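For reference, the structure is listed below as structure tokens.
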Amino acid sequence: MSAKPSVVIDTRVIYCGDNLDQLRKLPEACVDLVYIDPPFNSNRNYEVFWGETKEKRSFVDRHESTKAYIDYMRPRCVELHRVLKKTGSFYYHCDWHASHYVKVMLDQIFGENNFINEIIWKRQSAHSDAKQGSKHLGRIHDSIFLYAKSDDYAFTHLYRSYDEGYVEKFYKHVEPETGRRYSLGDITAPGGAAPSKGNPHYEFLGVERWWRFSRERMQELYEQGRIVQTKPGAVPREKRYLDEGKGVPLGTVWDDIGPVQGMGESLGYPTQKPLKLLQRVLELSSSANDIVLDAFCGCGTALVAAQLLKRQWIGIDISPTACRVMAQRLKKDCGLKEDEKLQLIGRGFVVRDLPKTEEELRKYPPFEFENWAVVALGGTKNARQVGDMGIDGRIYPVTAMPERRGARTGEMDFMDEWYPIQVKQTAKVGRPDIDAFEAVMIREERMLGYFVGFEFTGDALFEIDRFRRKEGREIKPLTVREILGEEIALQ
Ligand SMILES: C[S@@+](CC[C@H](N)C(=O)[O-])C[C@H]1O[C@@H](n2cnc3c(N)ncnc32)[C@H](O)[C@@H]1O
């Protein structure tokens with residue numbers, strides 16, 4: 001069963017593009033919960049802000065970069081604040097690099113009084129980054145800042161199960177008949193000999209005290225076997241069963257959520273967050289059918305959490321690759337269909353604003369362009385980013401494909417039947433590019449290969465023809481225009 005589609009805004013939509021542009025199209029006060037996890041750590045986009053040698057730079061340099069980061073984030077956070085409902089909450093996930101600056105920026109946007117909590121998420125996978133010889137402590141946590149739009153924000157208290165040590169210490173009794181663990185709780189009135197008004201004073205099981213319960217209630221509990229006197233004359237106590245307790249109220253330190261890697265969730269996306277973390281955030285600050293927005297949604301963890309918890313959702317990511325990865329994930333993990341008609345009735349989702357023109361694709365970062373081309377051809381990316389030996393992706397013909405789960409990189413390396421894909425983003429693919437690809441095809445013993453480019457020179461096409469006639473091997477030149485127009489039919 002799915003949540004109902006929103007009547008206010010389009011939900012179950014992944015927008016591909018810069019969130020600043022996308023957010024400006026959303027109406028005011030339309031979402032209940034915003035979670036963002038902007039790039040700030042070992043991510044390609046991150047290098048825009050920090051550069052690869054970040055740790056070695058002087059404070060002044062780093063400060064400059066922090067300023068650039070905050071300047072970049074500020075208008076986006078202003079927009080996120082605008083689209084949040086009065087009852088809404090905002091979560092900003094970050095780490096030591098910029099957390100203090102982020103806090104100041106958010107105080108300015110949301111108001112200091114609307115700061116609710118700083119959550120410390122202890123990333124268990126992060127074996128301390130304090131290597132031998134380094135002079136700092138291991139940085140093993142992220143900070144998640146929680147802000148509310150107003151005092152009227154929605155909030156549900158959550159409880160964590162007791163840890164083993166706590167159970168052993170405080171629930172040390174076990175009922176022989178049922179095996180249920182229990183503790184023995186104090187039932188005398190708070191305040192001892194001078195309790196607050198309203199507590200009764202009477203004798204029970206030979207003990208005279210101020211009690212928490214009326215005589216009738218005490219008798220009732222006794223008859224239910226819930227009042228225990230351990231020896232004659234001892235003060236009676238109440239049995240409190242472990243399985244009836246709510247657990248420990250959730251605090252700001254979250255050290256009970258393991259890494260994605262150990263949970264079989266990993267999609268190979270370096271900054272992917274655990275589903276349990278996002279589910280917790282959503283349970284704290286939203287209810288069924290509420291609208292959740294993740295404006296930096298990566299591989300879509302928040303969207304999957306929202307879908308599983310029957311919330312409405314909107315995702316935004318600038319990377320078309322990320323948008324495709326999360327679309328696959330929503331299909332696989334939530335059984336949702338990518339379908340415009342089903343999206344309207346709340347049973348499917350859509351990805352909007354994926355690049356459609358040659359001009360847009362020319363401006364893509366090379367990595368994104370390669371991904372776009374390989375995915376558009378129905379291929380899989382080469383397992384290695386570096387040292388790909390002239391192959392950007394592979395097509396496994398349908399006829400050769402065994403039943404398999406997903407199509408993740410490297411998963412089908414065992415299969416011998418595949419066609420190499422080479423992608424070039426330069427204005428024109430020339431003869432030397434074709435020569436290099438021919439060498440790859442001969443080395444890999446391939447009879448068919450695909451070459452994607454914006455245009456091919458006459459020399460390049462002539463060489464392709466010569467190669468086919470002389471070697472009997474075929475290189476199919478594909479232009480971006482053809483792919484966009486889906487004019488190609490792959491064998
Ligand atoms: C740290 S990742 C998010 C990971 C995500 N929480 C998950 O669990 O998969 C940050 C994402 O923000 C995206 N991003 C960076 N700048 C953006 C922008 N201006 N607009 C939209 N998305 C952006 C990146 O493409 C990246 O996928």
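Atoms within each ligand, like the ligands themselves, are counted from 1 in listed order. Note that the coordinates shown come from a computational prediction; the quantities given were computed from them, not determined experimentally. All residue numbers refer to positions in the sequence shown, counting from 1.
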Practice problem: Under 4.0 Å from a heavy atom of Lys273: give me the atoms of ligand 1 that qualify, with their elements. | Solution: 6 (N), 7 (C), 8 (O)
Quiz item: Which part of His93 is near ligand 1, with near meaning a heavy atom under 4.0 Å away: side chain, backbone, both or neither?
Solution: neither
Exercise. Please check if any side-chain donor atom of Gln22 sits under 3.5 Å from a side-chain acceptor atom of Arg352, or the reverse.
Key: no
Quiz item: Short list, please: which atoms of ligand 1 are under 4.0 Å from a heavy atom of Gly298?
Solution: 3 (C), 4 (C), 9 (O), 27 (O)
Self-check item: Thr11 and Arg311 side chains, donor-acceptor separation under 3.5 Å
Solution: no
Self-check item: Nitrogen or oxygen of Asp317 less than 3.5 angstrom from that of ligand 1
Solution: yes
Self-check item: Distance-only donor-acceptor check, side chains Asp37 and Tyr91, under 3.5 Å
Solution: no
Quiz item: With only distance considered, is Tyr35 within less than 3.5 Å of ligand 1 through an N or O on each side?
Solution: no
Self-check item: Inter- and intrachain pairs under salt bridge (charged side-chain N to carboxylate O under 4.0 Å, His left out), touching residues 275-298, at least two apart
Solution: Asp256-Arg280
Quiz item: Of all the heavy atoms in Ala302, does at least one lie under 4.0 Å from an atom in ligand 1?
Solution: no
Quiz prompt | Lys310 side chain vs Asn289 backbone, donor-acceptor pair below 3.5 Å | solution = no
Quiz prompt | Tyr15, portion touching ligand 1 at heavy-atom distance under 4.0 Å | solution = neither
Self-check item: Numbering as shown, the atoms of ligand 1 that approach Ala295 to under 4.0 Å (heavy-atom distance)
Solution: 21 (C), 22 (N)
Quiz item: Lys331: what forms a salt bridge (Lys or Arg N to Asp or Glu O under 4.0 Å) with it, not counting sequence neighbours?
Solution: Glu338
Quiz prompt | Contact atoms of ligand 1, heavy-atom distance to Thr301 under 4.0 Å | solution = 7 (C), 8 (O), 9 (O)
